[in-house]
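Just so we're clear, the structure is a prediction, and the values are computed from it rather than from any experiment. Both backbone and side-chain heavy atoms feed into the values below; hydrogens, waters and symmetry mates do not.
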Amino acid sequence: MGRELNIVSYNLREHHASGELRDLARLYDIDVMCLQECDTNDMPERIEHLVLADSTKTNRLGLAIYYRESRFRLEATRVFALRKSMHDRVMAPAHERLLAAKLFDHEIGREILVGDFHAAPLTATNSLRRKQIAAAHSALRIMGPGLPTVMLGDYNYPWFRANLSERMEQSGYLLSFSDKPTYARFKYFKGHFDFVTSAHTRIDSIDTLPQGESDHLPILVKVGVED
């Protein structure tokens, strides 16, 4: 058994929390970092020991994945467009909602697949978000059939999680969420927004990290992968 992967997912709230990333990388010994709502024109090639795998291109506030260069070899990346919500159509073309990176893990001697996901906002329906999640999972299966896969990000799905979890299990994915709420913009409105869905892996723990400049709190996911 290779050592666990430390993966952090963080919605930067329109890039406001970008100044925290170096400290996060150092403090939590991060192997992979998945970011949402980052200004992709303003992301560095490196954050401490992490190197940029790829970022979305057509929507300025998009997705980015970083990885530990000493542990992984980047095999491929892909950006996937998912079904648009009405908010996307009216406000901005935010259709690039999944960024995937296929990484070869030198410590365990096999490939893994990491997806960085951002679902449609709360103005959309849970039904649309379920369709986006299912489409994202299908895309990941095509990109890395049978590979250990984790998809992290802002699922924007704070209510009726039991129904979502059942649907994920039917599709071969396990839905996991952290020990504490991950969204705290308003004093009386908190919830779990930031999830992990996984296949062919073991999710050992998910911790909610302290809040910074974002209305989302980062999550630290410890992932086990069989040799």
So how far is it from L147 CG to H200 NE2, rounded to the nearest 0.5 Å? 8.0 Å

Do L5 and I112 pass the side chain to side chain contact (heavy atoms under 4.5 Å, CB included) test, and can you show the C-alpha distance, the side-chain angles, and the key distance before you say yes or no? CA-CA 11 Å; L5 281 70; I112 66 166; 3.2 Å; yes

Set of salt bridge (Lys or Arg N to Asp or Glu O under 4.0 Å) partners for E213, sequence neighbours left out: none

Output the distance between atom NZ (K131) and atom OG1 (T125), rounded to the nearest 0.5 Å. 7.0 Å

Using the side chain to side chain contact (heavy atoms under 4.5 Å, CB included) criterion, which residues pair with I142? Sequence neighbours excluded. none

Residue set satisfying side chain to side chain contact (heavy atoms under 4.5 Å, CB included) with S55, at least two apart, ordered chain then number -> T40, K57, A64

Could you list the residues that satisfy side chain to side chain contact (heavy atoms under 4.5 Å, CB included) with L63, not counting sequence neighbours? Q36, T56, L99, D116, H118

Can you name the ring pair (Phe, Tyr, Trp, His ring centres under 6.0 Å) partners of H106, sequence neighbours left out? F104

To the nearest 0.5 Å, tell me how far S18 OG sits from R13 CZ. 11.0 Å

Considering all heavy atoms of both residues, which atom of L217 and which atom of D194 are nearest to each other, and what is their separation? O-OD1, 4.3 Å

How close do G172 and A199 get, heavy atom to heavy atom, and via which atoms? O-CB, 3.7 Å

Applying side chain to side chain contact (heavy atoms under 4.5 Å, CB included) between D179 and each of D207, I219, I206, report the one that passes. D207

Whether E96 side chain and T58 backbone form a donor-acceptor pair below 3.5 Å: yes

Nearest-0.5 Å distance that lies between atom CG in L164 and atom OG1 in T197: 8.5 Å

Test ring pair (Phe, Tyr, Trp, His ring centres under 6.0 Å) applied to F117 - qualifying residues, sequence neighbours left out: Y155

Following the transitive rule for hydrophobic clusters with a side-chain heavy-atom cut-off under 4.5 Å over Ile, Leu, Val, Met, Phe, Trp and Tyr, establish whether L174 and L152 coincide in one cluster. no

Give every residue pair that meets the salt bridge (charged side-chain N to carboxylate O under 4.0 Å, His left out) criterion with at least one member in residues 31-40, sequence neighbours excluded. R3-D31, D31-R68, D31-R71, D39-R60

Report yes or no: do V51 and L74 belong to one cluster of Ile/Leu/Val/Met/Phe/Trp/Tyr joined by side chain heavy-atom distances under 4.5 Å? yes

Closest non-hydrogen atoms of P121 and N156, given as atom of the first, atom of the second and distance, are CA-ND2, 3.6 Å

Say whether L103 and I203 are linked into one hydrophobic cluster, either directly or through other cluster members, by side-chain heavy-atom distances under 4.5 angstrom. yes

Could you grab the distance from atom CG of D154 to atom SG of C34, nearest 0.5 Å is fine? 12.5 Å

Check whether any side-chain heavy atom of M151 sits under 4.5 Å from a side-chain heavy atom of I133, and report yes or no. yes

Tell me, please, which residues at least two apart from K222 pass side chain to side chain contact (heavy atoms under 4.5 Å, CB included). E4, N6, D204, S205

Do Y157 and N126 make a side-chain contact, defined as non-hydrogen atoms from C-beta onward lying under 4.5 Å apart? yes

Okay, side chain of T182, backbone of F193: is any donor-acceptor separation there less than 3.5 Å? yes

Does anything in residues 72-81 form a salt bridge (charged side-chain N to carboxylate O under 4.0 Å, His left out)? List the pairs, not counting sequence neighbours. R73-E75

Evaluate the criterion side chain to side chain contact (heavy atoms under 4.5 Å, CB included) for residue pair S198 and V223; output intermediate values, then yes/no. CA-CA 9 Å; S198 58; V223 182; over 6 Å; no

Within this structure, what is the OH-CD distance for the pair Y183 and Q211, rounded to the nearest 0.5 Å? 10.0 Å

Inter- and intrachain pairs under ring-ring contact (aromatic ring centres under 6.0 Å, His included), touching residues 130-151, at least two apart: H137-Y173

Do you know which two heavy atoms are closest between T208 and P181, and how far apart they sit? CG2-O, 3.4 Å

Would you confirm whether S214, through its side chain, and A17, through its main-chain N or O, come within 3.5 Å as a donor-acceptor pair? no

Closest heavy-atom pair and its distance - A100, M143: CB-SD, 3.6 Å

Testing the basics here: between L140 and G115, what is the closest heavy-atom pair and its distance to 0.1 Å? CD2-CA, 4.4 Å

Which residues share a side-chain hydrogen bond (donor to acceptor under 3.5 Å, both in side chains) with R22, sequence neighbours left out: none

Which other residues belong to the hydrophobic cluster containing L35, where Ile, Leu, Val, Met, Phe, Trp and Tyr are joined when side-chain heavy atoms lie under 4.5 Å apart, directly or via other members? V8, Y10, L12, L21, L24, L27, Y28, I30, M33, M43, I47, L50, L52, Y66, L209, L220

